[in-house]
Amino acid sequence: MNFSKLLIDWYLSNQRELPWRKTKNPYYIWLSEIMLQQTRVAQGLPYYLRFTEEFPTVFDLAEASEEKVLKLWQGLGYYSRARNLHFTAKYVAEELKGEFPNTYKELKKLKGVGDYTASAIASICFNEPVAVVDGNVYRVLSRVFGIDTPIHSTEGIKEFKALAEKLIDKEQPSAYNQAIMEFGALHCKPKNPYCISCPFQQNCEAFQQGKINELPIKLKKTKVLTKYFNYLVLLKGDQTIIQQRKGNGIWRNLYQFPLVESDKNLAEADFLTHPEVKKLLQEDFKKVNLFNKKSIKHVLSHRKLMVKFWLVQVEEFPEAFSHNDFETISTADIHSYPVPVLIEKFIENFNFTK
DNA sequence: AATGCGGGGTA
DNA sequence: TACCCAGCATT
């Protein structure tokens, strides 16, 4: 079986028309690849269009503030990608005079660029025969070649990478890499793949052995932790208080309302007696009422958040909020801050201007 | 070698 | 629901 030829033939007649397929400019390819890490094309596409519109060159991206980059990234998730993107843009613009590295080895040194992304850029932009291995590749190869090694085990990572390197068309690595990913995304799908019209049907181990639904083998399921979030939405005329998240946890550098975590769901009576809440508010408020009676369930890949927004009307902001961590802002300006989708949805629902 | 990190589409 | 998406950094 000529695997790469069948694959590229399929690709030439089935590929989608996508904006980053019209260029080999490494800046645009890099941008698209970072955005598409663990992200579907349909979800990333509008962000790609906005970023290329707003930042036509790596210099434009480098000169922007991190806050602006995060704001434009808002809703795409995995925000470390945006911070690394900005860091690398500054590095390329300032240290490399705007010229991206042109080999796999050098590309991989860039922050936010791992094995997959370095391979993608090197092959697409510079014709280097290095094979990409993403979720699509694991699925296609495990099925066609009947490989039951767990894909994210140390052994699996090496085995699939080696096989991909063996299969790549060294004359057209760009077409091969994009072909196998496109084939996985459109044809050899996780559920209900189109085996009936598959060019590999005769050669596909999984199909021949009826193992399509068992491959690829994955090991671990990430356990989802439940947490209880209480946001304090302080209201003083048209002013409120926000804070920027610090540390290494979720939503780093994004903004939110002052947050109190609790170990369980808080009823209205519990809220005012919670030690952290008492510490923040003292007695310095007029009225507290709960915005959402039922907790909002916000599910992330590794976490389930049960969230309540508490509206706190004050004459003056309590002393605790004069700390550096907090910023007093006009509610009219709240839309300019990068926030998690959870907060954005609240802002949309709660009309600050009324 | 294992874990943390978002949000949304799909069946 | 559960799964998975053009993965990477950190420990």
Side-chain angles (χ1 to χ4, degrees), chain A residues 11 15-16 18-21 29-48 70 73-85 87-88 107-124 131-140 150-158 160-161 164 174 176-186 188-193 213-214 216-225 227 245 247-254 297-305 338-345:
Chain A
Y11 180 63
Q15 65 173 301
R16 290 168 286 185
L18 297 169
W20 47 85
R21 292 200 171 138
I29 300 300
W30 166 72
L31 198 52
S32 69
E33 293 299 344
I34 301 296
M35 284 181 171
L36 294 177
Q37 290 167 4
Q38 292 289 283
T39 304
R40 290 167 198 280
V41 166
Q43 190 185 1
L45 182 54
Y47 287 84
Y48 176 84
L70 282 172
W73 195 274
Q74 183 180 304
L76 198 52
Y78 287 149
Y79 296 94
S80 66
R81 292 185 295 171
R83 296 190 306 270
N84 289 336
L85 183 84
F87 180 94
T88 294
L107 284 161
K108 196 167 176 304
K109 293 178 182 171
L110 300 175
K111 197 170 281 189
V113 175
D115 181 81
Y116 163 79
T117 305
S119 301
I121 300 173
S123 61
I124 294 171
V132 295
V133 181
D134 72 337
N136 294 304
V137 176
Y138 281 122
R139 188 169 54 256
V140 173
I151 58 176
H152 289 121
S153 64
T154 306
E155 188 189 351
I157 292 169
K158 283 164 66 178
F160 282 96
K161 178 76 178 180
S174 170
Y176 168 84
N177 276 339
Q178 295 186 77
I180 192 167
M181 291 190 285
E182 191 79 333
F183 182 72
L186 301 182
C188 193
K189 301 179 296 173
K191 298 285 172 61
N192 305 325
N213 293 318
E214 296 166 37
I217 305 282
K218 295 200 166 186
L219 276 184
K220 44 187 172 267
K221 300 186 198 352
T222 54
K223 47 179 176 288
V224 178
L225 207 67
K227 284 179 164 277
R245 290 183 66 95
N248 283 315
I250 58 171
W251 302 328
R252 174 147 73 122
N253 292 11
L254 271 61
K297 188 168 73 172
H298 190 78
V299 181
L300 308 177
S301 54
H302 58 300
R303 201 145 296 174
K304 185 172 85 174
L305 306 178
V339 296
V341 162
L342 168 67
I343 301 290
E344 181 71 22
K345 284 179 178 168

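Keep in mind the model is a prediction, meaning the values are calculated, not measured.
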Same-atom distance ([atom1]) from [N] to [M], integer angstrom:
N	M	atom1	value
C:dC8	B:dG8	P	22 Å
C:dC3	B:dG6	C1'	15 Å
B:dC5	C:dC4	C1'	15 Å

Please classify the nucleic acid contact of [X] as base, sugar-phosphate, or nothing, using heavy-atom distances under 4.0 Å.
X	answer
A:N177	nothing
A:V113	sugar-phosphate
A:W20	base
A:T117	sugar-phosphate

Does the side chain of A:L107 come within less than 4.5 Å of A:T117's, by heavy atoms?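 In short, these two side chains do not touch, never coming nearer than 4.5 Å.
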For residues A:I124 and A:N177, determine if any side-chain heavy atom of one lies less than 4.5 Å from a side-chain heavy atom of the other.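 Not in contact.
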Atom pair distance, as rounded to whole Å: [atom1] in [X] and [atom2] in [N]:
X	N	atom1	atom2	result
A:D115	C:dC8	CG	P	7 Å
A:K304	C:dA2	NZ	P	10 Å
A:K111	C:dT10	NZ	C1'	12 Å
A:L225	B:dT3	CG	P	13 Å
A:H152	C:dC8	NE2	P	11 Å
A:R83	C:dT10	CZ	P	10 Å
A:Y138	C:dC5	OH	P	11 Å
A:K109	C:dA9	NZ	C1'	18 Å

Scan nucleotides 5-11 of chain B nucleotide by nucleotide, 5' to 3', and note B when protein non-hydrogen atoms come under 4.0 Å of the base, S if they reach only the sugar-phosphate, - if neither. BBBBB-S
State, without any angle test, whether A:Y116 and A:Q37 hold a side-chain donor-acceptor pair at a distance under 3.5 Å.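 Distance-only check fails for A:Y116 and A:Q37.
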Check the side chains of A:R81 and A:N84 for a donor-acceptor pair under 3.5 angstrom, ignoring hydrogens and angles.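 Looking only at side-chain atoms, A:R81 and A:N84 do not form any donor-acceptor pair under 3.5 Å.
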When the aromatic ring centroids of A:W20 and A:Y48 are compared, is their separation below 6.0 Å?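 For A:W20 and A:Y48, the ring centres are under 6.0 Å apart.
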Apply the test side chain to side chain contact (heavy atoms under 4.5 Å, CB included) to residues A:I34 and A:W73: give CA-CA distance (whole Å), side-chain angles for both, the deciding distance (0.1 Å), then the verdict. CA-CA 11 Å; A:I34 301 296; A:W73 195 274; 4.1 Å; yes
Between B:dT3, C:dT1, C:dA6, which nucleotide gets closest to the side-chain atoms of A:K297?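 Between B:dT3, C:dT1, C:dA6, the one nearest the side chain of A:K297 would be C:dT1.
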Among C:dA6, C:dT1, C:dC5, the nucleotide that comes nearest once only the side chain of A:K218 is considered: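 Looking only at side-chain atoms, A:K218 lies closest to C:dC5.
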In chain order, what residues pass the side chain to side chain donor-acceptor pair (under 3.5 Å) check against A:K158, with sequence neighbours excluded?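 If we apply the side chain to side chain donor-acceptor pair (under 3.5 Å) test to A:K158, skipping adjacent residues, there are no hits.
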Sequence neighbours excluded, which residues qualify as side chain to side chain donor-acceptor pair (under 3.5 Å) partners of A:R21?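 For A:R21, the residues satisfying side chain to side chain donor-acceptor pair (under 3.5 Å) (neighbours in sequence not counted) are A:Y11, A:Q178, A:E182.
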Would you kindly check whether a donor in the side chain of A:R139 faces an acceptor in the base of C:dA6, or vice versa, at under 3.5 angstrom?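 Absent.
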